[in-house]
Amino acid sequence: MKRNEDFFLQVYAVVRLIPEGRVTSYGAIAKYLGTGKSARVVGWAMNNAHNVTPSVPAHRVVNRNGMLTGKHHFAGPDLMQSLLEQEGIKVKDDQVQNFKEIYWNPVDELL
DNA sequence: CGATTGACGTACG
DNA sequence: TCGTACGCCAATC
């Protein structure tokens, strides 16, 4: 049973479920999926997200600090911040403002 | 097949 | 409080 592919699909599914104007962290998704401490794998899933349909709103996924660590992996280095601002999320210095308030925890919302 | 890297997180000093 | 080290899983070299 190829859980690997399923795991990636789960990551995409959760990220797509993130409401607009909200953000989540890799660790939260990892924990929700059961990977627990392996938040890195979630990042790898995002990397592959470019090859997945429909497009995954990876811009809503940031690290635990609320920092746009993966913005450089987007089409443009400022694309991630632009997308977040379009949804009403304020970003300053590659860092999400009010991150704690707009933080969307799948374990708390979905579970 | 072994070593390194990666969009993270936690622990320790 | 800040900086460094380690772990974890998967993919790539």
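Every chain is numbered from 1 and lettered A, B, ... according to where its sequence line falls, protein lines coming before strand lines.
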Cluster link A/I102 to A/V91, ILVMFWY, side chain under 4.5 Å: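 Yes, A/I102 and A/V91 fall within the same hydrophobic cluster.
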
Roughly, in whole Å, what's the span from OH in A/Y26 to C1' in C/dC9?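 Whole-Å distance recorded here is 16 Å.
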
May I have the distance from A/K31 (atom NZ) to B/dT10 (atom C1'), rounded to whole angstrom?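 Rounding to the nearest Å, NZ of A/K31 and C1' of B/dT10 are 13 Å apart.
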
Just checking A/T35: base, sugar-phosphate only, or nothing, at a heavy-atom cut-off of under 4.0 Å?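 It contacts nothing in the nucleic acid.
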
Going by the side chain to side chain contact (heavy atoms under 4.5 Å, CB included) test, name the single residue among A/V23, A/I29, A/V14 that passes it with A/V61.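 Exactly one option meets the side chain to side chain contact (heavy atoms under 4.5 Å, CB included) with A/V61, and it is A/I29.
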
Would you be so kind as to tabulate the donor-acceptor pairs closer than 3.5 Å made by side chains of residues 68-84 of chain A, with sequence neighbours excluded?
{"from": "A/K71", "atom 1": "NZ", "to": "A/D94", "atom 2": "OD1", "distance (Å)": "2.7"}
{"from": "A/K71", "atom 1": "NZ", "to": "A/D94", "atom 2": "OD2", "distance (Å)": "3.2"}
{"from": "A/Q81", "atom 1": "NE2", "to": "A/E85", "atom 2": "OE2", "distance (Å)": "3.4"}
{"from": "A/S82", "atom 1": "OG", "to": "A/D78", "atom 2": "O", "distance (Å)": "2.8"}

Minimum side-chain heavy-atom gap A/V42-A/F7 below 4.5 Å: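 The answer is yes, as the side chains (C-beta and beyond) meet within the 4.5 Å cut-off.
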
What parts of residues 41-74 of chain A reach DNA chain C, counting only heavy atoms under 4.0 Å away?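 Of all residues in residues 41-74 of chain A, the ones placing a heavy atom under 4.0 Å from DNA chain C are A/V41, A/W44.
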
Determine yes or no for a side-chain-to-main-chain donor-acceptor pair under 3.5 angstrom, with A/N63 supplying the side chain and A/M67 the backbone.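 Yes; at least one donor-acceptor contact below 3.5 Å.
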
